Amino acid sequence: MDLSSFAAEFQALSKLIRDPEEADNTPAPGSVSRPTPGTIGPKELLDVKVAAPKATRHDPKEIWREDELEDIVEDDYDDGRQVPSYEFLYKQAVDTADNFLGMSGKDPSSTCCEDLVLRVELPEASVAAELDLDVKDTYLKLSSPHYKLSIHLPHKVDGERGKAKWDASKKVLSVTLRIVKEEPF
C-alpha cells in the first residue's frame, strides 16, 4: 500500500466517523473551534481591572513576622503560683490483630498514636470548679488559685474537641486531646 492510497483511505474513514452536525459547523482556519475559559461568560466582565495586592515592606533581616506565629502565650511571667508536675502520655487505638499479629503496621512510637493525654497532679486543688483550662492547637494553659501551667504541646492537636477528667480522690486532671496528623509535603 502506498502513502497516497493510505491518506485517501484515512480521510474516507474520518468522514465516516465524523458527527454530521460538526461537519456543518466547521470553523474557519485559524479560528477557535471550542470554548476556552476566556470565551465563557458575559463579555462585560473582560474589562474589569483588579487592583494588585499591596506590598508590605518587611525588614530583610527578620527571621519571622508576628503574623506568622500561630499561637502566642502571653502569660509567661512568674506570679508566685506553683507549676504543677505533669506528664504526657500517648493513646493508640489497637485491636488483637495489631497487638499479636502486627497487621496494621503501627508501632509504639508517638507518630502512630491518635491521642495525647496530659496528666497534671494538683495536690492542693480541692474541686474541679476552681481550675481554669484553656486549650489551643499548640499550647495549653491551666490556672487555679494555687497553680499555673502554661506549656507548648509536643504535637498539634484539635483544641476544640478535647476531654478533661478530674479525679478528686487522686487530685489529678487528665486532659485527652486528638492529635492532628499533618500531611507531608
Side-chain angles (χ1 to χ4, degrees), residues 37 41 45 48 50-185:
L45 290 179
V48 174
V50 178
K54 295 180 181 179
T56 56
R57 296 179 96 45
H58 298 289
D59 184 11
K61 294 181 181 179
E62 279 184 338
I63 297 173
W64 64 80
R65 296 185 313 270
E66 289 291 327
D67 61 336
E68 292 177 333
L69 299 176
E70 290 180 10
D71 294 325
I72 300 171
V73 180
E74 297 176 358
D75 65 342
D76 281 341
Y77 56 90
D78 184 16
D79 60 359
R81 292 184 283 177
Q82 297 178 41
V83 176
S85 63
Y86 63 91
E87 66 178 335
F88 289 110
L89 304 169
Y90 293 93
K91 286 173 106 178
Q92 190 178 78
V94 294
D95 59 11
T96 55
D98 296 324
N99 197 18
F100 295 109
L101 302 174
M103 294 178 70
S104 69
K106 289 185 177 182
D107 59 35
S109 70
S110 65
T111 57
C112 293
C113 293
E114 286 86 16
D115 293 318
L116 174 68
V117 180
L118 175 65
R119 194 172 167 274
V120 185
E121 295 179 9
L122 304 161
E124 293 182 29
S126 55
V127 292
E130 69 182 36
L131 303 175
D132 183 27
L133 180 66
D134 183 22
V135 179
K136 301 294 182 192
D137 291 345
T138 57
Y139 75 93
L140 177 137
K141 289 193 298 186
L142 173 67
S143 61
S144 75
H146 302 285
Y147 298 103
K148 177 181 169 185
L149 178 65
S150 180
I151 56 172
H152 287 275
L153 301 172
H155 297 279
K156 188 172 184 178
V157 298
D158 185 358
E160 298 294 321
R161 296 199 172 114
K163 295 178 184 177
K165 182 180 177 185
W166 172 249
D167 186 351
S169 62
K170 296 180 183 176
K171 304 220 177 189
V172 172
L173 177 69
S174 297
V175 182
T176 304
L177 303 164
R178 178 65 65 170
I179 296 173
V180 175
K181 302 287 184 186
E182 296 185 14
E183 297 295 325
F185 297 103

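Keep in mind that the numbers below use all heavy atoms, side chains included, and drop hydrogens, waters and symmetry copies. Being a predicted model, the structure only gives us computed values, none of them experimental. Index from 1, following the sequence.
We find the NZ-CH2 distance between K171 and W166 to be 6.5 Å, quoted to the nearest 0.5 Å. Between I151 atom CD1 and Y139 atom OH the span is 12.0 Å, to the nearest 0.5 Å. Atom CG in L118 sits 9.0 Å away from atom CD in E87 (nearest 0.5 Å). The line from CG of L142 to NZ of K148 is 11.5 Å long, rounded to the nearest 0.5 Å. Here the straight-line distance linking atom CG of L177 with atom CZ of R161 works out to 13.0 Å at 0.5 Å rounding. Rounding to the nearest 0.5 Å places CZ of R81 at 12.0 Å from OH of Y147.
Across every non-hydrogen atom of P145 and E130, the tightest pair is CD-O, 3.7 Å. The heavy-atom pair separating R119 from V172 by the smallest distance is CG-CG1, 3.6 Å. Nearest heavy-atom pair across S150 and K141 is OG-CG, 3.8 Å. When all heavy atoms of G159 and D137 are compared, the pair lying nearest together is N-OD1, 3.1 Å. Minimum interatomic distance between K91 and C113 (heavy atoms only, all atoms of both residues): O-CB, 3.3 Å.
With sequence neighbours left out, E160 forms a salt bridge (Lys or Arg N to Asp or Glu O under 4.0 Å) with no residue at all. Residues passing the salt bridge (Lys or Arg N to Asp or Glu O under 4.0 Å) test with E124: none are found, sequence neighbours excluded. For D134, the side chain to side chain donor-acceptor pair (under 3.5 Å) criterion is met by no residue, not counting sequence neighbours. In this view, R178 and D115 satisfy the salt bridge (Lys or Arg N to Asp or Glu O under 4.0 Å) rule, not counting sequence neighbours. For S85, the side chain to side chain donor-acceptor pair (under 3.5 Å) partners at least two apart in sequence or on another chain are E121. Annotation: side-chain contact (heavy atoms from CB on, under 4.5 Å) contacts of K165 (sequence neighbours excluded): none.
Residues L173 and L122 form a side-chain contact, since some pair of their non-hydrogen atoms from C-beta on lies under 4.5 Å apart.
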side-chain contact (heavy atoms from CB on, under 4.5 Å) between Y90 and L116, intermediate numbers included: CA-CA 5 Å; Y90 293 93; L116 174 68; 3.5 Å; yes
Between L153 and T138, is a side-chain contact (heavy atoms from CB on, under 4.5 Å) present by the stated rule, with each step listed? CA-CA 5 Å; L153 301 172; T138 57; 5.7 Å; no
Checking side-chain contact (heavy atoms from CB on, under 4.5 Å) for the pair E114/Q92: CA distance, chi angles, key distance, verdict? CA-CA 5 Å; E114 286 86 16; Q92 190 178 78; 3.9 Å; yes
